[in-house]
Amino acid sequence: MSTIDDIDHGRELLLHGSQYRRVDDSKMISLARALDTPGLQICAYPVTPDIRLSSGETAAFLGHVRSSGWREDFDVNLQCLSEVDGEPLLTGWMSLEKFRGFLASCVMDTVDIHDPVRLAAARLHAAVGEWATLGAHDVCFEGYATNAKNKGATP
């Protein structure tokens, strides 16, 4: 597994709401049956386009995660699941409600109303409300891998 230290803080971070749905792909259904693993038929699907944090917002946002009590929640399932143009993306997720709690802590932890963490949290808080109305269960976040152990990783 990876940690947020393995995400390139100098590049954008992508976030979107996702919901779980049953897969209707015949190959996945056959695989789930063959392995006697019905959970393979449930996948997360994005319900919204990505919100993109700029490189500056990413650095501030992940810097805050690193110094807060929320780090473990961001690290717990961070892993390479996909690539963009041959570059591995590290993907993690948490429940929508837990992410709302994190955003609230960002506002409480920052005094300056112009603080980049606070501004990003406000923008994401508005999006999370929309995601919830669209049926999202989780927030998915993806960042480009920077750590050498992730370079050339195959999702």
Side-chain angles (χ1 to χ4, degrees), residues 1-21 23 25 28 39-40 42-155:
M1 290 299 222
S2 298
T3 72
I4 61 164
D5 294 328
D6 299 321
I7 294 175
D8 188 341
H9 290 46
R11 296 183 67 184
E12 64 185 3
L13 186 70
L14 313 172
L15 299 100
H16 64 262
S18 64
Q19 65 180 203
Y20 297 100
R21 293 187 291 209
V23 175
D25 178 87
M28 285 302 292
L40 288 176
I42 307 296
C43 290
Y45 291 90
V47 296
T48 60
D50 288 327
I51 287 187
R52 296 172 180 271
L53 297 185
S54 69
S55 59
E57 290 173 312
T58 296
F61 189 80
L62 293 180
H64 181 76
V65 170
R66 251 211 253 50
S67 64
S68 73
W70 291 88
R71 181 182 180 131
E72 186 176 315
D73 295 297
F74 280 83
D75 285 347
V76 69
N77 54 28
L78 191 64
Q79 57 192 297
C80 181
L81 297 176
S82 62
E83 297 180 340
V84 172
D85 296 328
E87 290 188 81
L89 282 177
L90 297 178
T91 303
W93 58 92
M94 69 177 66
S95 75
L96 201 65
E97 290 309 312
K98 187 176 276 193
F99 193 71
R100 279 184 168 153
F102 166 72
L103 294 176
S105 78
C106 289
V107 172
M108 294 187 64
D109 292 346
T110 56
V111 178
D112 180 3
I113 61 169
H114 301 293
D115 184 288
V117 172
R118 189 181 190 119
L119 294 173
R123 185 163 61 115
L124 290 167
H125 181 63
V128 166
E130 178 189 339
W131 298 347
T133 64
L134 295 171
H137 303 121
D138 287 344
V139 172
C140 177
F141 50 93
E142 298 178 303
Y144 288 93
T146 188
N147 191 316
K149 77 177 185 180
N150 295 310
K151 297 293 183 186
T154 303

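Judged as a salt bridge (Lys or Arg N to Asp or Glu O under 4.0 Å), the pairs with a partner in residues 110-138 (not counting sequence neighbours) are, in order, Glu57-Arg123.
Summarising the geometry, atom OG belonging to Ser55 is positioned 9.0 Å from atom CG belonging to Asp8; distances are rounded to the nearest 0.5 Å. Taking CZ of Phe99 as the reference point, atom NE2 of His125 lies at 11.0 Å (rounded to 0.5 Å). Here the straight-line distance linking atom CD of Gln79 with atom CH2 of Trp93 works out to 4.5 Å at 0.5 Å rounding. Remark: Leu134 CG to Ser18 OG distance equals 12.0 Å, nearest 0.5 Å. Note that CZ of Arg52 is 11.0 Å distant from CZ of Arg11, once rounded to the nearest 0.5 Å.
Nearest heavy atom pair, residue Gly135 against residue Gln19, reads O-NE2, 3.1 Å. Closest approach of Cys43 and Val23 over heavy atoms only: SG-CG2, 3.2 Å. Heavy-atom minimum distance, Val139 versus Leu15: CG1-CD2, 4.3 Å. Nearest approach of Ala136 to Val47, heavy atoms of both residues: CB-CG2, 3.8 Å. Counting all heavy atoms, side chain and backbone alike, Gly63 lies closest to His9 at N-CD2, 4.4 Å. Considering every non-hydrogen atom in both Val65 and Ile4, the closest pair reads CG1-CD1, 3.5 Å.
The aromatic ring centroids of Phe141 and Phe74 lie less than 6.0 Å from each other.
With a 4.5 Å cut-off on side-chain heavy atoms, Leu89 and Tyr144 count as touching.
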From CA spacing to verdict: side-chain contact (heavy atoms from CB on, under 4.5 Å), Asp6, Leu78: CA-CA 9 Å; Asp6 299 321; Leu78 191 64; 5.6 Å; no

Verdict with supporting geometry, Leu53 and Glu12, side-chain contact (heavy atoms from CB on, under 4.5 Å): CA-CA 5 Å; Leu53 297 185; Glu12 64 185 3; 5.8 Å; no

Where do Arg71 and Thr3 land on the side-chain contact (heavy atoms from CB on, under 4.5 Å) test, with the steps shown first? CA-CA 9 Å; Arg71 181 182 180 131; Thr3 72; 3.7 Å; yes

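For the 3.5 Å distance criterion, the side chains of Trp70 and Ser105 qualify, holding a donor opposite an acceptor.
No donor-acceptor pair under 3.5 Å is formed between the side chain of Glu87 and the backbone N or O of Asp85. Side chain of Thr58 to backbone of Leu13: a donor-acceptor contact under 3.5 angstrom is found.
Ring planes of Phe102 and Phe61: perpendicular class, angle over 60° (limits at 30 and 60°).
When the ring pair (Phe, Tyr, Trp, His ring centres under 6.0 Å) test is applied to His137, the partners found at least two apart in sequence or on another chain are Tyr20.
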